[in-house]
Enquirer: 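Quick one: structure below, then a few questions.
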2 protein chains.
Amino acid sequence: MRSSDDRTTAARIRDAAITEFAARGVAGTSIRTIAATAGVSPGLVIHHFGSKEDLRVACDEHVAGIIRDVKGGAMASGGGFDVTAAFRAVGEIPAAKYLARTLVDGSPHVAELVDEIVRDAVGYVATGVETGMIKPTEHEWGRAAILTIWSLGALVLHEHLERLIGVDITADFSQDPTATTAYMAPALEIFSQGVFTETTVQLMREAFVSQRSAQEKESV
Amino acid sequence: MRSSDDRTTAARIRDAAITEFAARGVAGTSIRTIAATAGVSPGLVIHHFGSKEDLRVACDEHVAGIIRDVKGGAMASGGGFDVTAAFRAVGEIPAAKYLARTLVDGSPHVAELVDEIVRDAVGYVATGVETGMIKPTEHEWGRAAILTIWSLGALVLHEHLERLIGVDITADFSQDPTATTAYMAPALEIFSQGVFTETTVQLMREAFVSQRSAQEKESV
DNA sequence: CAATACATTAAACGATCGTTCAAGATCGAC
DNA sequence: GTCGATCTTGAACGATCGTTTAATGTATTG
């Protein structure tokens, strides 16, 4: 039975930490809990990683590595800026949940990683525009950033999304057509035809301009 | 000087707790920290709220109350399903940040609250469709849910959004036209014209159908 | 086989945690 | 002005936290 888990003890501890940190946050997880999940003593956790903070950094770096692998591998065949799709494709569910938590908890490396994902999205979108798949825009960076944030935001709020539409985007639902429809269909619709009518766009543009000129008056 | 703060001591403790919980999470915040922020002794916190968990519930309910007020007041004049706009309009920044944290930490009341926001969004969108402001859809619930999740997701990831495009959506930037442009312009663009071209939509639809029929074959 | 390095554990340490408690301080009611 | 109720504090309690330490087990190596 042991042959079914060929990971190092240190790797098992690290993976247990990733799971626990993802579920309860770093502050909400004790070393004793991680040790219990990994089936070792608390002292061994410290022996292998030095301290809780160092263990957290090790988790950070490991998940960051997975993300970079996933991006390199499944990017071209997938949805581009939809990071969550890449995770599902590779089956790295704990890493996805860890990222979701860490995006809010904050960590030494996650900000850097998000910037990286957005830069990739900019490149992906630019290619899409060149090949006529994606509409051009004045706000290249802003649009890529917002699309990425929305995608990551859905990942972070996966529990709510699951409750709302019955789809866990941190799980592999590629075999479940119902789930695919519930999540992908409305998103695809928004991304293709938008939600506002021409009338609304015109109204908002006018309101925006008038607000702006009013502020210019104020500031004089 | 004391006249500048007419809140009850209990209210000051509660507000301090909301701020600290929002910044560091519930597990990452000690009662002693809250007491220090409120300028009282740790014992007094317990005396007024019974326990840390009860204090958390009190924060939950207070913020939920603020959100319901905000929804009722600024909904009609604002962006509809953009919850964050409502917070800025009323100036309840700590409540917004508390909600952002609690959406991920989980709490006894937040799920209920999210469902409520989505139901409101469905109603708002339906009205918009009737008056010709919003495009109709097959997926009423799904679209409203996803739009709400995106909006809340941006709130949750406000720190990353600020770093990426220089706009803190938990702050009142109504006086800052640059910030308004950076965030609102791309979002409005996506919501009006979409991001995918007709070619892409057609391709995705075909891919979706073929995937589906392949799965139907499989399941036979 | 002896020696050495590494893996691992149980026990304990000091710090901090949420909470309790006893004792003042403050206040309104009679 | 006295009394009871409420507000507030400082000290302390037991539990749990991250971490250390000493000891034992288990390989590896010459």
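Every chain is numbered from 1 and lettered A, B, ... according to where its sequence line falls, protein lines coming before strand lines.
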Enquirer: Among residues at least two apart in sequence or on other chains, which ones pass side chain to side chain donor-acceptor pair (under 3.5 Å) with E92(B)?
Expert: none
Enquirer: Got a sec, which residues hit side chain to side chain donor-acceptor pair (under 3.5 Å) with T19(A), two or more places apart in sequence or on another chain?
Expert: none
Enquirer: Hey, can you pull the donor-acceptor pairs under 3.5 Å for the side chains in residues 138-146 of chain A, sequence neighbours left out?
Expert:
{"from": "W141(A)", "atom 1": "NE1", "to": "L164(B)", "atom 2": "O", "distance (Å)": "2.8"}
{"from": "R143(A)", "atom 1": "NH1", "to": "K135(A)", "atom 2": "O", "distance (Å)": "2.9"}
{"from": "R143(A)", "atom 1": "NH2", "to": "K135(A)", "atom 2": "O", "distance (Å)": "2.8"}

Enquirer: Checking all strands, does H47(B) fall into the base, sugar-phosphate, or nothing category for heavy-atom contacts under 4.0 angstrom?
Expert: base
Enquirer: Shoot me the first and last contacting nucleotide of DNA chain C against chain A, ordered 5' to 3', at under 4.0 angstrom to non-hydrogen atoms.
Expert: dA7(C) to dA12(C)
Enquirer: Just jot down the side chain to side chain donor-acceptor pair (under 3.5 Å) partners of S107(A), sequence neighbours excluded, or say none.
Expert: D60(A)
Enquirer: Applying salt bridge (Lys or Arg N to Asp or Glu O under 4.0 Å), which residue pairs with at least one partner in residues 104-118 of chain B are found, sequence neighbours left out?
Expert: R101(A)-D105(B), R163(A)-D115(B), R68(B)-E116(B), K71(B)-E116(B)
Enquirer: Tell me the interatomic distance from F49(A), atom CZ, to dT20(D), atom C1', rounded to whole angstroms.
Expert: 19 Å
Enquirer: Between I46(A) and T9(B), who's closer to the 5' end of DNA chain D by nearest nucleotide?
Expert: T9(B)
Enquirer: Suppose we screen for side chain to side chain donor-acceptor pair (under 3.5 Å). Which residues come up paired with R32(B), at least two apart in sequence or across chains?
Expert: none
Enquirer: Which atoms form the tightest heavy-atom contact between A96(B) and L155(B), and what is the distance?
Expert: O-CD2, 3.9 Å
Enquirer: Tell me the side chain to side chain donor-acceptor pair (under 3.5 Å) pairs involving residues 33-43 of chain A, sequence neighbours left out?
Expert: E20(A)-T37(A), S30(A)-T33(A)
Enquirer: Between residues 10-41 of chain B and DNA chain D, which residues have a heavy-atom gap below 4.0 Å?
Expert: R32(B), V40(B), S41(B)
Enquirer: Report the distance from atom CG of L44(A) to atom P of dT20(D), rounded to the nearest whole Å.
Expert: 14 Å
